[in-house]
Amino acid sequence: MQDKYKHIGPVYDFLSNLYSGKSIQDCKTAMLDANNVKPGDRILIAGVGHGRDALRAAQLGADVTVVDLSETMLRKFRELLESEAPELSVRTIHDDIMNIDEHESYDMVVANFFLNVFDEPRMVEVLRHLISLGKPRAQLVVGDFIYPTGNILARLFKKAYWYTAVFIFWLFTNNAFHQVYNYPEHLENLGLEIRDKKRFSLLNINCYWSILAEKRG
Ligand SMILES: C[S@@+](CC[C@H](N)C(=O)[O-])C[C@H]1O[C@@H](n2cnc3c(N)ncnc32)[C@H](O)[C@@H]1O
């Protein structure tokens, strides 16, 4: 299995902190609190990367499974777990998320900065698959770049900010090069109800959001 994150993976979280002044980190854990996560909940984190969100969920007592195609990213996640919470155990799967067939098994499915690696038709396919892994009334969390709205200057800033990031990842990891996706619209089109949105800013401009959606029963 080719590891597209072999080179950028080791410094991925460092770069995202540099790029966002920690807004990305805050965005990734925003919905993982005691209101949304109960001890024993089964949570799946798709494309986990370094996995601060998975660590937070495990610290809240959830039964966490993480999936990633990149061995480099999974190594960084194991290092984080080992250094910050060696007493916690997290199920780690090195595979393509599309090969996970545990349908209707999870109370929450988390996709932080994951869906943006795909072109739009594939992204919708992956999103549909993630929804199928949730139990009836499961929660789906998507943290990502915010859909550009506001006045023309705000929209220009958000687009330039996004295209800088997507260009770097297209160059280093061959991720898809595309516009910012409107995740709430996609989630609603696929039958989910939006429960909450939290926004995170850089230079006083909202650049990221975390969306909490619920699957209908
Ligand atoms: C942009 S990174 C985001 C990582 C992490 N979620 C975060 O917020 O920092 C995307 C991650 O998804 C993983 N990935 C890409 N395609 C995947 C697939 N089809 N199945 C599982 N993981 C995948 C990559 O290896 C990478 O770790």
Side-chain angles (χ1 to χ4, degrees), residues 1-32 43-58 64-81 90-102 106 108-130 132-133 140-146 161-178 180-181 183 198 200 207-211:
M1 205 178 298
Q2 193 210 353
D3 187 350
K4 298 204 289 182
Y5 284 77
K6 190 171 176 191
H7 301 296
I8 210 165
V11 291
Y12 180 85
D13 266 14
F14 170 77
L15 289 180
S16 79
N17 287 340
L18 202 66
Y19 193 66
S20 74
K22 295 241 166 149
S23 290
I24 289 182
Q25 295 302 341
D26 293 341
C27 176
K28 285 194 270 201
T29 51
M31 297 298 180
L32 298 168
I43 299 190
L44 177 76
I45 316 262
V48 68
H50 292 204
R52 277 218 166 262
D53 40 9
L55 174 68
R56 168 74 64 86
V64 181
T65 297
V66 304
V67 181
D68 205 294
L69 255 186
S70 161
E71 183 50 44
T72 306
M73 289 299 218
L74 288 175
R75 178 169 50 75
K76 293 302 289 182
F77 170 64
R78 287 191 203 99
E79 286 171 11
L80 178 78
L81 197 64
V90 169
R91 181 175 167 229
T92 302
I93 302 177
H94 181 206
D95 206 346
D96 189 320
I97 193 70
M98 298 306 274
N99 292 333
I100 307 298
D101 60 2
E102 298 163 342
Y106 291 93
M108 178 187 271
V109 177
V110 178
N112 279 328
F113 298 87
F114 171 61
L115 293 165
N116 72 30
V117 308
F118 305 104
D119 64 33
E120 197 153 21
R122 181 68 174 163
M123 182 280 285
V124 174
E125 234 179 280
V126 174
L127 184 54
R128 190 175 275 120
H129 178 68
L130 294 182
S132 80
L133 300 175
L140 201 99
V141 174
V142 176
D144 219 302
F145 282 77
I146 202 164
Y161 190 60
W162 157 253
Y163 279 111
T164 307
V166 78
F167 176 71
I168 293 169
F169 279 91
W170 169 77
L171 208 59
F172 284 96
T173 66
N174 199 27
N175 284 353
F177 191 86
H178 57 82
V180 186
Y181 297 142
Y183 295 105
K198 293 184 179 162
F200 301 86
C207 291
Y208 306 98
W209 57 6
S210 181
I211 302 143

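Both counts, for ligands and for their atoms, begin at 1 and track the order of listing.
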Participant: D68 versus ligand 1: do any nitrogen or oxygen atoms come within less than 3.5 Å of each other?
Facilitator: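 There is such a contact, yes.
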Participant: Which of the atoms in ligand 1, numbered in the order shown and given with their element, are less than 4.0 Å from a heavy-atom of M73?
Facilitator: 27 (O)
Participant: Examine I97 against ligand 1 and note whether any of their N/O atoms are separated by less than 3.5 Å.
Facilitator: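 Min N/O separation from ligand 1 is below 3.5 Å for I97.
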Participant: Which ligand 1 atoms, with their elements, are less than 4.0 angstrom from a heavy-atom of V48?
Facilitator: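 Those atoms are 5 (C), 6 (N).
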Participant: Within the structure, does D13 bring an N/O atom to less than 3.5 angstrom of an N/O atom in ligand 1?
Facilitator: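 N/O-N/O distance below 3.5 Å does not exist for this pair.
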Participant: Run through F200, W162, F145 and flag the one making a ring-ring contact (aromatic ring centres under 6.0 Å, His included) with Y208.
Facilitator: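 Of all the options given, the one that passes is F145.
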Participant: Does the pair E125/R128 count as a salt bridge with the N-to-O cut at 4.0 Å?
Facilitator: no
Participant: Looking at G49, which atoms of ligand 1 are within less than 4.0 Å of one of its heavy atoms?
Facilitator: 4 (C), 5 (C), 27 (O)
Participant: Need the ligand 1 atom indices (1-based, order shown) with element for anything under 4.0 Å from a heavy-atom of N112.
Facilitator: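 Answer for ligand 1: 3 (C), 5 (C), 6 (N), 7 (C), 8 (O).
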Participant: Checking H7 side chain against F172 main chain: does a donor-acceptor pair fall under 3.5 Å?
Facilitator: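 Checked: no pair found.
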Participant: Keeping Y19 on the side-chain end and Y161 on the backbone end, is there a donor-acceptor pair under 3.5 Å?
Facilitator: yes
Participant: Under a 4.0 angstrom heavy-atom cut-off, which atoms of ligand 1 come close to D95?
Facilitator: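 Going through ligand 1 atom by atom, the ones under 4.0 Å from D95 are 20 (N), 21 (C).
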Participant: Please could you name the atoms of ligand 1 that Y5 approaches to less than 4.0 Å, counting only its heavy atoms?
Facilitator: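 Ligand 1 atoms under the 4.0 Å threshold to Y5: 1 (C), 2 (S), 10 (C), 24 (C), 25 (O), 26 (C).
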